[in-house]
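Worksheet: one structure, shown below.
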Amino acid sequence: MLRLHRRTSFRCEFTTTGLLWVATAAACVGFAASEEASAHGRLLPAVPWQPGPRRYSVALPGEPQPTVSLYPPDGVVNVATGNTLRTSLSDPKDGGANWYFVELYEHMCPHCWYAVPIVTDVAHAFKGNPIWRTAAVNCHMKTNREVCLFLEMISGAAAYPTFLLCPPKGQGGAMWGANKLVRTLPEAAQSLFSHLAGEARATFVDLLHCRTRFKPQRDSQPGGEFLSAAEIADWVVQQTGLSCANPGRLTQGADFVDKMIQNPFSPPGPPGWLRDDKEGEPGVLAFSPEHRWWDALLGFVSALNIRYRPHKHNLIVSCVQFLARTFPVKGRALLDLVKRLLAKGPMHNSRDVTKMLRDWSKHNKLNGWEDEGNIQTCSGSSSVSNCAMWALLHVTLTAVATRGITGRDLNNDQAMAQQPGGDDMKLSIISAVDFVRTYITVFQTCHHCTVQFNAEFT
């Protein structure tokens with residue numbers, strides 16, 4: 001039995017190679033596990049060496065598809081989507097009368113894994129308070145991207161997990177008019193709001209009162225990398241005036257029964273990478289390199305659709321420019337995407353991002369990125385988009401290395417040669433490293449992992 005008391009470490013102690021190994025392992029899980037089901041969801045398949053807590057598929061009323069959750073259905077932490085959260089907050093008898101403790105997380109973020117027992121203990125500690133509610137939203141799901149973006153901008157959040165408090169709409173600042181509330185937001189959020197219209201603007205207004213964000217007080221002190229259930233509970237009490245009905249739960253910590261400590265340097269056990277082989281033909285690869293190229297590209301477009309943020313627009317453009325110069329296929333299409341991004345400028349409405357990508361992909365005959373099922377080489381992954389993200393980095397760096405060793409491109413269609421300065425095809429190690437660091441900064445949603453990765457990837 002492994003028992004973690006009170007605090008959970010927020011420090012990533014992986015080397016760059018180790019982080020790539022763990023991230024790839026997390027992405028490439030198989031189906032060797034039994035499934036547990038309840039009335040509202042089921043435990044997703046996993047293998048013994050899968051890092052992180054178990055994941056659940058949870059069906060919610062009014063949602064056409066189940067959501068992936070780190071929290072079980074019918075548990076003490078309420079599983080929510082962007083739509084169900086907005087509905088709850090807009091209900092006068094629910095969000096209008098109760099305090100909501102909201103967690104924004106990403107189910108592939110290790111620090112979100114570590115937060116699961118902490119959040120669960122906090123929820124237990126306040127359980128029984130008649131005006132206390134919880135909601136955990138998985139921002140990895142594309143259906144939640146708009147609400148997650150709005151809450152990030154409203155609260156000034158920059159990392160997952162993020163903890164917010166939404167007061168009853170009849171209390172405090174929640175009573176102010178929308179325009180007055182907007183004027184108190186960070187400048188970036190005000191700019192975003194000025195570009196919204198229709199349903200998106202109405203959604204933003206419904207979330208305006210969820211602006212109080214938990215900020216650890218020990219960041220600059222020894223032990224500041226630890227997340228404490230007691231500290232979160234103290235913050236809740238100070239902000240809400242609610243009483244902690246079960247304070248004993250705040251020091252219980254995680255209790256992972258019958259968990260085996262895994263050696264990060266050992267290879268994964270079965271089924272492991274056998275999923276890369278043809279069924280019944282061990283050692284015969286099921287996919288060609290070209291399969292991985294196309295799947296990585298589809299995954300990149302999908303990630304761009306979900307994780308685009310207007311304040312990261314220039315970084316995104318630089319990533320696509322690098323891919324246009326190096327990626328083995330669709331160089332001209334990627335160059336066209338660069339031109340469209342530059343013409344559009346920062347896009348504040350996520351629906352505009354989707355429309356632009358649909359128009360671009362139709363024009364360049366690159367369809368299928370909206371359905372993760374089309375990314376066959378990541379089939380069975382607990383996170384298809386993360387699997388495709390790492391595949392894209394591996395393919396791109398392989399292409400750069402091939403060019404450096406042979407002096408020739410790896411099947412690139414010389415798209416960059418079409419523009420002024422097109423002879424600037426020489427790529428340095430520094431430019432490749434800068435691309436990886438920028439790419440991780442833009443598309444890796446785990447802030448602490450990004451900081452650690454970029455500190456070591458030099």
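Residue numbers start at 1 and run along the sequence shown.
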Using the side chain to side chain contact (heavy atoms under 4.5 Å, CB included) criterion, which residues pair with [X]? Sequence neighbours excluded.
| X | value |
| --- | --- |
| V237 | F126 |
| T450 | I440, T441, Q444, N454 |
| A136 | Y71, V77, E103, Y105 |

Open item on the list: Can you pull out every salt bridge (Lys or Arg N to Asp or Glu O under 4.0 Å) where at least one residue sits in residues 57-71? Sequence neighbours excluded, please.
Closed with: none
Indicate yes or no: at least one non-hydrogen side-chain atom of [X] is less than 4.5 angstrom from one of [Y].
| X | Y | answer |
| --- | --- | --- |
| T240 | W132 | no |
| C148 | V137 | yes |
| C210 | L151 | yes |
| T212 | L164 | no |
| L185 | L208 | yes |
| R211 | T184 | yes |
| K330 | W294 | yes |
| Y160 | C139 | yes |

For [X] and [Y], indicate whether the former's side chain and the latter's backbone hold a donor-acceptor pair under 3.5 Å.
| X | Y | answer |
| --- | --- | --- |
| T84 | T81 | yes |
| R145 | S350 | yes |
| W360 | A333 | yes |
| H140 | V68 | no |
| S57 | P66 | no |
| T162 | A159 | yes |
| N138 | S69 | no |
| R213 | S155 | yes |
| R201 | L196 | yes |
| W113 | H107 | yes |

Open item on the list: Quick one, T396 with F322, criterion side chain to side chain contact (heavy atoms under 4.5 Å, CB included). Give me CA distance, side-chain angles, the key distance, then yes/no.
Closed with: CA-CA 9 Å; T396 303; F322 190 88; 3.8 Å; yes
Which atom pair, heavy atoms only, marks the closest approach of [X] to [Y]?
| X | Y | value |
| --- | --- | --- |
| L341 | M356 | CD2-CE, 3.6 Å |
| G82 | N144 | N-OD1, 2.9 Å |
| F163 | A115 | CZ-CB, 4.3 Å |
| R133 | P130 | NH1-O, 3.2 Å |
| P310 | P346 | O-CB, 3.7 Å |
| D121 | A229 | CB-CB, 4.5 Å |

Just jot down the ring-ring contact (aromatic ring centres under 6.0 Å, His included) partners of [X], sequence neighbours excluded, or say none.
| X | result |
| --- | --- |
| F300 | F443 |
| H124 | none |
| H363 | none |
| F214 | W235 |

- [ ] I would like to know whether D295 and T377 meet side chain to side chain donor-acceptor pair (under 3.5 Å); could you show each step before the answer?
- [x] CA-CA 7 Å; D295 280 2; T377 57; 2.7 Å; yes
Please round to the nearest 0.5 Å and tell me the distance separating atom [atom1] of [X] and atom [atom2] of [Y].
| X | Y | atom1 | atom2 | result |
| --- | --- | --- | --- | --- |
| D234 | L250 | CG | CG | 8.0 Å |
| L298 | W293 | CG | CH2 | 14.5 Å |
| L335 | Q321 | CG | CD | 8.5 Å |
| N78 | D74 | CG | CG | 10.0 Å |
| C387 | I375 | SG | CD1 | 8.0 Å |

Task: Listed partners of W369 passing side-chain hydrogen bond (donor to acceptor under 3.5 Å, both in side chains), at least two apart - done: S361
Task: Counterpart residues, side-chain hydrogen bond (donor to acceptor under 3.5 Å, both in side chains), relative to E199 (two or more places apart) - done: R86
Open item on the list: Once salt bridge (Lys or Arg N to Asp or Glu O under 4.0 Å) is applied, do any residues pair with K312, and if so which ones, sequence neighbours excluded?
Closed with: none
Task: Chi angles and distances behind the side chain to side chain contact (heavy atoms under 4.5 Å, CB included) call for V79, Y56 - done: CA-CA 10 Å; V79 179; Y56 301 85; over 6 Å; no
Charged N to carboxylate O below 4.0 Å: is that the case for [X] and [Y]?
| X | Y | value |
| --- | --- | --- |
| R307 | E106 | yes |
| D359 | K355 | yes |
| E370 | K142 | no |

- [ ] I would like to know whether N83 and T143 meet side chain to side chain contact (heavy atoms under 4.5 Å, CB included); could you show each step before the answer?
- [x] CA-CA 8 Å; N83 289 333; T143 52; 5.8 Å; no
TODO: Evaluate the ring planes of H111 and Y114, with Trp represented by its six-membered ring, and classify them as parallel (under 30°), tilted (30 to 60°) or perpendicular (over 60°).
DONE: perpendicular
Open item on the list: Classify the ring geometry of H348 against H195: parallel below 30°, tilted from 30° to 60°, perpendicular beyond 60°.
Closed with: parallel
Task: From CA spacing to verdict: side chain to side chain donor-acceptor pair (under 3.5 Å), N305, T354 - done: CA-CA 6 Å; N305 182 50; T354 300; 2.7 Å; yes
- [ ] Report the residues that fulfil disulfide bond (SG atoms under 2.5 Å apart) with C112, sequence neighbours left out, ordered by chain and then residue number.
- [x] none
- [ ] Output, in order, the C-alpha distance, side-chain angles, deciding distance and verdict of side chain to side chain contact (heavy atoms under 4.5 Å, CB included) for L366 and L297.
- [x] CA-CA 9 Å; L366 187 64; L297 194 54; 3.9 Å; yes
Open item on the list: Quick one about D336 and N364 (side-chain donor to acceptor, distance below 3.5 Å, no hydrogens or angles considered), yes or no?
Closed with: yes
